Amino acid sequence: TGQTRNNLNQNRWVKTNKLDAKLDYYYMLNPKTNINITLGNTMSHQNFNSHIFQILDSNAINDLNDAANTNQVQYAFNDAFIGLHYKMLRGKFTFTPGVSFHTYSMNNQQLGTTTSQSFTRVLPDFFALYQIKKAESLTYNFSITNDFTDINKLAEGYVLSNFNSLFSGNRYLENATSQVHSLRYFKYNMFNFENIFAYAAYTKRMDAIKSEVAFNSGNQIATPYNSNFADETFSGMGK
């Protein structure tokens, strides 16, 4: 207090190491059907360090060393999965139903404690192609995916977002789940240059991460949370 201005500064450092590995095996049952087996693993490790400090009128540094103003966070994420897809051709139709089995594990270390989560999910998907003509097709895609946040939204110490706004993460955030349906039509005629394209999609996202804001005398503090309400999106385009 007693300074001509509030000169607040912040050091913030994020480091991410990530390794993805995937192996696909295809086995032809006959000329029109095959089986695809996928083995994979995603490993991610992140470090997040941040520190808020004040520069005084004398250019001296006033460190704001309270735990609320400092982050020293480590976050590890692992996704081990196996997938199975069956592809078959039936006349003008191609169908590829599939399913994948995921085992997730996460842990974050901050504020002197460790928080861990682990669970398993079964995620189906489906692809269908109707080859109407050589240059005319109708495609349908369906998938369910799990979406995870990263360390930036898990670190609970304050981070400066603007001159009057702070952000504080939530170490207990859970994953969101997305269900996507899409339909695509394409037609091309090289003789009269007719080119038709249309696309429609529907997405339903559950447990999406949103932000709530607390106001305090013109200042604001934003915190992420998992919403209890699903987001539904319809979109389409054509030309």
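Note that the structure is predicted; figures quoted are calculated from it, not measured.
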- Query: Would you say the side-chain atoms of Q54 pair up with the backbone N or O of N62, donor to acceptor, closer than 3.5 Å?
  - Reply: no
- Check for a donor-acceptor pair, side chain of K32 on one end and backbone N or O of M88 on the other, with a separation under 3.5 Å. no
- Item | Distance-only donor-acceptor check, side chains E136 and Y185, under 3.5 Å | yes
- Task: Look only at the side chain of Q10 and the backbone of L160, and say whether a donor-acceptor pair between them is shorter than 3.5 Å.
- Result: yes
- Message: Less than 3.5 Å apart, any donor N or O on the side chain of D24 or T38 sitting next to an acceptor on the other?
- Response: yes
- Item | Aromatic centroids of Y104 and F119 separated by under 6.0 Å | yes
- Message: Are N141 and T139 packed together at the side-chain level, in the sense that at least one heavy-atom pair is separated by less than 4.5 angstrom?
- Response: yes
- Message: Return the CG to CH2 distance between N71 and W13, rounded to the nearest 0.5 Å.
- Response: 13.0 Å
- Item | Y202 and E232: side chain donor to acceptor below 3.5 Å | yes
- Item | Check: V73 and N47 side chains under 4.5 Å, non-hydrogen atoms | no
- Item | Considering all heavy atoms, the nearest S50-V159 contact | OG-CG2, 4.2 Å
- Walk me through it: do D57 and R5 pass the test salt bridge (Lys or Arg N to Asp or Glu O under 4.0 Å)? CA-CA 8 Å; D57 292 345; R5 63 173 181 161; 5.7 Å; no
- Message: With heavy-atom distances below 4.5 Å as the criterion, would you say the side chains of N152 and V14 are in contact?
- Response: yes
- The reported gap from OG in S137 to NZ in K187 (rounded to nearest 0.5 angstrom) is 12.0 Å
- Query: Transitively linked via ILVMFWY side-chain contacts under 4.5 Å: F81 with L84?
  - Reply: no
- Task: Report yes or no: does Q117 contribute a side-chain atom to a donor-acceptor pair with the main-chain N or O of L173 at less than 3.5 Å?
- Result: yes
- Output the distance between atom OH (Y130) and atom CG (L138), rounded to the nearest 0.5 Å. 8.5 Å
- Task: Return yes when atom CD of Q109 has more than 12 non-hydrogen atoms of other residues, nucleotides or ligands closer than 6.0 Å, and no otherwise.
- Result: yes
- Other residues, nucleotides, ligands: >12 heavy atoms within 6.0 Å of M190 CE: no
- Query: How about F148 and F77: are their ring centroids closer than 6.0 Å?
  - Reply: yes
- Query: Would you find more than 12 non-hydrogen atoms of other residues, nucleotides or ligands less than 6.0 Å from Y158 atom OH?
  - Reply: no
- Please report the shortest heavy-atom distance between Q46 and I151, naming the atom on each side. OE1-N, 3.0 Å
- Smallest heavy-atom separation, A208 atom then A176 atom, equals CA-CB, 3.9 Å
- Under 3.5 Å, is there a donor-acceptor pair between the side chain of S143 and the main chain of D125? no
- Task: Would you please say whether a donor-acceptor pair under 3.5 Å links the side chains of N175 and N146?
- Result: yes
- Query: Do F93 and L29 share a hydrophobic cluster, counting only Ile, Leu, Val, Met, Phe, Trp and Tyr and linking them when any side-chain heavy atoms are less than 4.5 Å apart?
  - Reply: yes
- Message: Counting C-beta onward and ignoring hydrogens, is there a side-chain heavy-atom pair between T145 and T177 closer than 4.5 Å?
- Response: no
- Does the side chain of H102 pick up a donor-acceptor pair with the side chain of D79 at under 3.5 Å? yes
- Any idea which heavy atoms bring F167 and P224 closest together, and the distance? CZ-CD, 3.6 Å
- Message: Run the side chain to side chain contact (heavy atoms under 4.5 Å, CB included) test on K210 and F229 for me, step by step, so that the C-alpha distance in whole Å, both residues' side-chain angles and the decisive distance to 0.1 Å come before the verdict.
- Response: CA-CA 10 Å; K210 305 291 185 68; F229 299 97; over 6 Å; no
- Going by atom types alone, do R121 and T103 pair a side-chain donor with an acceptor below 3.5 Å? no
- Residues, nucleotides or ligands: over 12 heavy atoms within 6.0 Å of D20 CG: yes
- Message: Count I, L, V, M, F, W, Y as connected when their side-chain heavy atoms are under 4.5 Å apart, and connections chain through other members. Are F127 and Y86 then in the same cluster?
- Response: no
- Single-linkage hydrophobic cluster, 4.5 Å side-chain cutoff, F191 and F186 together: yes
- Would you confirm whether N162, through its side chain, and N164, through its main-chain N or O, come within 3.5 Å as a donor-acceptor pair? no
- Query: Do the side chain of Q131 and the main chain of K133 share a donor and acceptor less than 3.5 angstrom apart?
  - Reply: yes
- Can you see which heavy atom on L64 is nearest to which on T70, and at what distance? O-OG1, 4.0 Å
- Mind checking the CD1-CG spacing from I82 to L39? Nearest 0.5 Å is all I need. 5.0 Å
- Would you say the ring centroid of F142 lies under 6.0 angstrom from that of Y140? no
- Message: Using only atom types and a distance under 3.5 Å, with no angle test, would you say the side chain of N30 pairs donor to acceptor with the backbone of T33?
- Response: yes
- Message: Quick one about T114 and N107 (side-chain donor to acceptor, distance below 3.5 Å, no hydrogens or angles considered), yes or no?
- Response: no
- Message: Nearest 0.5 angstrom please: Y225 OH to E212 CD, how far?
- Response: 6.0 Å
- Query: With no hydrogens and no angle check, do the side chains of N36 and N34 hold a donor and an acceptor under 3.5 Å apart?
  - Reply: no
- Item | CA sep, side-chain torsions, deciding dist, call: F126, F95, side chain to side chain contact (heavy atoms under 4.5 Å, CB included) | CA-CA 8 Å; F126 181 76; F95 300 104; 3.8 Å; yes
- Side-chain donor-acceptor pair present, D63, N65, cut-off under 3.5 Å: no
- Message: Evaluate Y199 against L183 for side chain to side chain contact (heavy atoms under 4.5 Å, CB included), listing each step before the verdict.
- Response: CA-CA 6 Å; Y199 177 83; L183 192 64; over 6 Å; no
- Query: Using 30° and 60° as the class limits, which term best fits the ring planes of F53 and H51: parallel, tilted or perpendicular?
  - Reply: tilted
- Quick one: do T16 and S44 satisfy side chain to side chain contact (heavy atoms under 4.5 Å, CB included)? Show the steps, please. CA-CA 7 Å; T16 301; S44 175; 4.1 Å; yes
- Message: Check for me, please, whether F48 and Y172 land in the same ILVMFWY cluster - side-chain distances under 4.5 Å, paths through other members count.
- Response: no
- Query: Would you find a donor on one side and an acceptor on the other, under 3.5 Å apart, between the side chain of Q110 and the backbone of L154?
  - Reply: yes
- How many angstroms lie between atom NE2 of H85 and atom CD1 of I37, to the nearest 0.5 angstrom? 11.5 Å
- Item | D231 and K204, any side-chain heavy atoms less than 4.5 Å apart | no
